[in-house]
Amino acid sequence: MTEHFLDVKNLQIHFPTDDGLVRSVDGLSFQLERGKTLGIVGESGSGKSVTSLGILGLHKGGRAKISGEIWLDGEELVSAGAEHVRKLRGKKMAMIFQDPLSAMHPYYTVGDQIIEAYRIHHKVAKKVARKHAVDLLGRVGIPQPDKRVDSYPHEFSGGMRQRAMIAMALSCDPTLLIADEPTTALDVTVQAQILDLMRDLQRDFDAALIIITHDLGVVAELADDILVMYGGKAIEYGTAEDIFERPEHPYTWGLLGSMPRLDREPTERLLPIKGSPPSLINVPAGCAFHPRCVFEGRTGGKANTEVPELAETEGGHLVRCHLPREERRAIWANEIKPNLESA
Amino acid sequence: MVTYIIRRLVGALVMLAVVSMVTFSIFFVVPRLAGVTATDFANRYVGRAATQETVVEVTKKLGLDDPVVVQYGRWVKGIFVGAEFDYGAGVEHCPAPCFGYSFVTKKPVWPELLDRLPVTLSLAAGASVIWLLAGVSVGVLSALKRGSVFDRGAMMIALSGVSLPPFFTGLIALSLFSYGLRITAPGGAYVPLTENPVEWAYSLILPWLTLAFLNAAAYARLTRAGMLETMGEDYIRTARAKGLRESKVIAKHGLRAALTPIVTIFGLDVGILLGGAILTENVFSLPGLGKYATGAISTQDLPKIMGFTMLAAFFIVMANLVVDLLYAVVDPRVRLS
């Protein structure tokens, strides 16, 4: 048992393939309360989307091997029956997907798809569900919802589609809402609207919200806590303040450095992280990040031999790094932070 | 929408006009180029025993020595308003649509075609329902159990179904079920639906299955490929994330999308089939349009061949039109304009 609303403990999701075992998620733990927002941040292939699908029980079929514990509102989901988890899906936990054009069925109207989502969990007449769908569309800011309810997804703009997608996810008042890259497919101007909408709705619904993104900028305003993932593992986990004000992992520094900021000189170049994310089949020995890490040489040779532990540095702020705590803080204060703020 | 239909109808008519010109040219112009004379054509009407004078007279009366364009015009006019024929034994009226008189039976072609149509319709209707149901369900199961024994077995049978022509499978089926086990009707035992529905089905079951086997195989492979593709789409994941039962995810979301290309091909296949299933009808001696056509070809009965060609072309053009209109119904993203 657990006192948290959502408590993920040592979650592992592995896919056996012909080339070897893909450890998409490798020992991930985090907690979340209702009304709070967790941002899961990482590059493509870091395991963030698989984590969310794992929570919903949607990780691909019989091949995936899942272990660990997922506690949602006092219920354990990994060991629960598939049929039981299906009944929770959509009702207690819902998901907003990345690309609303491909995530909505092209042959059914937006209204039909919301009505379907509602009627799976509520035995009501179609008329009642339709009225609910119109209400929801109005609530997520779609003009003339009583007319637009009969439109097809392709007749909506990208932002409207994502609003409709959110309406669909909210149709059964879920207490856990997972948004997987909710703004990636949208125009920058629309991104802000959608993020505002999600914040307002989360407050109204008092839901626990997980936002999965590769963009720290997206979670900067919304998230209470942030989990940074790399190679299927958490490498830094703390409050939003911890991550933005006192980041201690070289990878997080890299993410911050590669984020465009309005308060920096436009002429200044971004600081990208060199190299590319590791293959999840051949995860580098030792620290998965060491081949790309600028400070690898300062670990006394441990970087490529030992996997660092996710250790608490201060007040719930967890970091997975071989560098001694004092050295990390010194590097951040003296080498990284001044660079980011050099404007 | 209405303008679209009108435009497509006009297009269909133009298409048929082109087909008629090509058909007419093949049978009346090309032989001329190869040295066949007008009197040779007249010979076909009057028979071998006729004297030279009769042949010349008939040639004149039927206008066989007129310019080809005039003859074509007369043929087309006959289709729309009917025609008068005079080949020695008095003037005969051939009402519209008139495709001329058979060289062999000396009867108008059109009523004969109409006579054969119900047989072909019966064959097409039964076979298409069987192959659609069987093909789609096998395809769906194969896709869902991809790589299983069922999938491999079904796809192997499908491959053989696509590869084996009806004159092989049909003959094997006949010898096995009709003459060996004696559980189905033998060839040539067609009974019209209006006469006795049970006998009708009994007489057609083996041709249906033979024809269906050929097409079901193709449909199974097509459905399987379509299902494998759509079941990997994002909207399937969305449907699952809603908490929808897997059976409904498959039927309502997966199959719905996978069926679109199937509907298209089904329409075209039925259109082609209405022009006669030549191989199947011949194997089972069914007096349909396909058998009519092969008979006409073997006796070089030009008016029959041309009438059949036009009718078959009409079905195919119409099927295309219906499929295009249907497509907008099946896929709301398609706007007709």
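Labels below follow one simple rule: chain letters A, B, ... track the order of the sequence lines, proteins then strands, and each chain is numbered from 1.
Heavy-atom distances place both the backbone and the side chain of A103(A) under 4.5 Å from chain B. Only the side chain of E155(A) comes within contact range of chain B, with at least one heavy atom under 4.5 Å from a heavy atom of that chain. Contact of K252(B) with chain A is made through backbone and side chain together, with heavy-atom distances under 4.5 Å.
Taking every heavy atom of both residues into account, P332(B) and P106(A) meet most closely at CG-O, 3.5 Å.
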Determine whether R237(B) and L53(A) satisfy the following criterion, side chain to side chain contact (heavy atoms under 4.5 Å, CB included), listing intermediate values before the conclusion.
CA-CA 10 Å; R237(B) 196 180 55 188; L53(A) 292 175; 3.9 Å; yes
Test side chain to side chain contact (heavy atoms under 4.5 Å, CB included) on L244(B) and E116(A); report intermediate values, then the result.
CA-CA 9 Å; L244(B) 201 60; E116(A) 182 185 44; 3.4 Å; yes
Does the side chain to side chain contact (heavy atoms under 4.5 Å, CB included) test come out yes or no for R256(B) and Y107(A), once each step is laid out?
CA-CA 8 Å; R256(B) 174 70 174 76; Y107(A) 294 171; 2.9 Å; yes
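Between atom CG of residue L101(A) and atom OH of residue Y235(B) there is a gap of 11.0 Å, rounded to the nearest 0.5 Å. For the atom pair R333(B) CZ and Y152(A) OH, the distance stands at 11.0 Å (nearest 0.5 Å). Note that OG1 of T238(B) and CG of L58(A) are 9.5 Å apart. Values are rounded to the nearest 0.5 Å. Rounding to the nearest 0.5 Å gives a distance of 12.5 Å between CG of L56(A) and CZ of R240(B).
Formation of a donor-acceptor pair under 3.5 Å by the H253(B) side chain with backbone atoms of H105(A) is not found in this model.
In M15(B), the CE atom is not crowded: 12 or fewer heavy atoms of neighbouring residues, nucleotides or ligands sit closer than 6.0 Å. For F314(B), the CZ atom is loosely surrounded, since the number of other residues' heavy atoms within 6.0 Å does not exceed 12. Counting heavy atoms of neighbouring residues, nucleotides and ligands inside a 6.0 Å radius, atom CZ of R146(B) does not exceed 12 of them. Atom CZ of F168(B) has 12 or fewer neighbouring heavy atoms from other residues, nucleotides or ligands inside a 6.0 Å radius. Residue E246(B) qualifies as enclosed at atom CD: its count of foreign heavy atoms under 6.0 Å is above 12.
Of the candidates M168(A), R119(A), R86(A), K242(B) forms a side-chain contact (heavy atoms from CB on, under 4.5 Å) with just one, namely M168(A).
The greatest number of non-hydrogen atom pairs below 4.5 Å with chain B, out of H121(A), K91(A), Q98(A), is found for H121(A). Among V330(B), D234(B), T260(B), the residue making the largest number of heavy-atom pairs under 4.5 Å with chain A is D234(B). Of all the listed residues (Q113(A), M95(A), M165(A), K87(A)), the one sharing the greatest number of non-hydrogen pairs under 4.5 Å with chain B is Q113(A).
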